[in-house]
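In what follows, a structure is listed as structure tokens, so that the remarks can point back to it.
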Amino acid sequence: MNRLFVISVLTILLQGCAGAVMVGAVGGAKMANDERSMSTQISDTNADFTIASALSKYDDLNNQTNIAAVVMNNNVLMIGQAPNSMLRDKAIKVVQDLEIGGKIHNQIRIGTPTSFTTRSNDTWVTTKVKGRMLNEKSLDITRIKVITENGEVFLLGLIDRKQADLAVEIARNTAGVRKVVKVFEYTEPAK
């Protein structure tokens, strides 16, 4: 009986290791395939934390809004909800004062902050979109960030237009997606 228990525990632990190796491999592939330099990738990640920390210092923003920021290639995408334009503008100003360096894409909606249920559904929608993108062999998903906020899917990345169009088409045709917003930067000039 003890032997069976040990084998079961080891099997479970080894499955966890395989998952960790797979996540590490995908993360490594994402970093290696990213068009951004390694220093820009690190800078973007640090900026994500800097923005979250700066916004958290204001009680009114913490208690009355649901605002988040995602940084890609020094550009900031701000999403979420604020009950009024005063709080939305305050959040934008906080980020502007940080001087991250790129453009700020204001996608904060005026309205009641979303519920836990809506946020959970958004996570599910993001998972479905990423899963469908992963199944598309001609799409390099390692170059695309997918964020869902209240049924709106935001697509970020530094990619070519053909890849961007394909990503938009996949997202647009995924159940639960109300709207797709492109926040791409293109690797080739417009034609």
Side-chain angles (χ1 to χ4, degrees), residues 19 22-36 40-41 43-45 47-49 51-52 55 65-82 88 91-92 95 100 102-191:
M22 185 174 146
V23 167
V26 170
K30 186 168 179 65
M31 289 185 85
N33 287 337
D34 200 316
E35 289 284 335
R36 299 172 295 163
T40 300
Q41 292 177 56
S43 174
D44 287 350
T45 300
D48 285 339
F49 291 116
I51 292 169
L55 293 172
T65 69
N66 171 41
I67 296 174
V70 180
V71 181
M72 173 66 84
N73 206 32
N74 295 321
N75 295 308
V76 181
L77 168 65
M78 297 197 62
I79 58 173
Q81 305 79 37
R88 178 198 58 206
I92 297 296
V95 174
I100 301 295
K103 184 176 179 181
I104 296 176
H105 300 275
N106 177 6
Q107 294 293 323
I108 301 169
R109 308 297 183 228
I110 301 298
T112 305
T114 56
S115 66
F116 175 78
T117 302
T118 300
R119 289 182 217 159
S120 295
N121 187 58
D122 287 342
T123 300
W124 176 236
V125 169
T126 296
T127 301
K128 289 191 300 185
V129 170
K130 286 181 176 181
R132 291 191 67 223
M133 287 181 176
L134 196 56
N135 285 331
E136 178 58 53
K137 296 193 184 343
S138 60
L139 183 64
D140 184 358
I141 191 170
T142 63
R143 297 176 187 228
I144 301 168
K145 279 190 181 183
V146 179
I147 297 105
T148 306
E149 182 64 39
N150 201 19
E152 292 182 78
V153 172
F154 297 89
L155 301 174
L156 300 90
L158 184 58
I159 62 175
D160 67 55
R161 290 178 192 280
K162 186 176 177 183
Q163 291 276 296
D165 292 343
L166 182 55
V168 168
E169 195 59 31
I170 291 169
R172 185 176 287 142
N173 291 300
T174 302
V177 175
R178 291 187 310 109
K179 180 180 179 181
V180 177
V181 179
K182 297 186 288 185
V183 194
F184 290 123
E185 283 186 86
Y186 298 105
T187 56
E188 82 281 351
K191 294 179 182 177

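No experiment lies behind these values; they were computed from the predicted model shown.
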Mind checking whether [X] and [Y] have side chains closer than 4.5 Å, heavy atoms only?
| X | Y | result |
| --- | --- | --- |
| Asn74 | Asp44 | yes |
| Val183 | Gln107 | no |
| Val146 | Leu155 | yes |
| Ile144 | Ile159 | yes |
| Ile147 | Thr126 | no |
| Glu136 | Met133 | no |

Let me confirm one number: the [atom1]-[atom2] distance from [X] to [Y], rounded to the nearest 0.5 Å.
| X | Y | atom1 | atom2 | value |
| --- | --- | --- | --- | --- |
| Gln163 | Ile141 | CD | CD1 | 10.5 Å |
| Asn73 | Phe184 | CG | CZ | 13.5 Å |
| Ile79 | Glu152 | CD1 | CD | 9.0 Å |

Q | Residues that Ala82 engages under side-chain contact (heavy atoms from CB on, under 4.5 Å), provided they are two or more places apart | A |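 side-chain contact (heavy atoms from CB on, under 4.5 Å) check on Ala82 returns Thr65, Ile67, Leu87, Arg88, Ile108.
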**Q.** Set of side-chain contact (heavy atoms from CB on, under 4.5 Å) partners for Arg132, sequence neighbours left out
**A.**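 Counting only residues at least two positions away or on another chain, Arg132 forms a side-chain contact (heavy atoms from CB on, under 4.5 Å) with Ile170, Asn173, Thr174.
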Identify the heavy atoms of [X] and [Y] that sit nearest to each other, and give their distance.
| X | Y | value |
| --- | --- | --- |
| Gly176 | Val125 | O-CG2, 4.0 Å |
| Val177 | Ala171 | CG2-O, 3.4 Å |
| Gly151 | Asp122 | N-OD1, 3.0 Å |

Q.
Looking only at side-chain N and O atoms, does Thr123 offer a donor or acceptor that is under 3.5 Å from a partner on Ser120?
A.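 Side-chain D/A pair, Ser120 to Thr123: absent.
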Q) Going by atom types alone, do Asn150 and Gln81 pair a side-chain donor with an acceptor below 3.5 Å? A)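 Looking only at side-chain atoms, Gln81 and Asn150 do not form any donor-acceptor pair under 3.5 Å.
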I'd like to know if the side chain of [X] and the backbone of [Y] have a donor-acceptor N/O pair within less than 3.5 Å.
| X | Y | value |
| --- | --- | --- |
| Asp48 | Val71 | yes |
| Lys182 | Val168 | no |
| Asn75 | Lys103 | yes |

Q. Under 4.0 Å between a Lys/Arg side-chain N and an Asp/Glu carboxylate O for Arg109 and Glu149?
A.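 Glu149 and Arg109: not salt-bridged.
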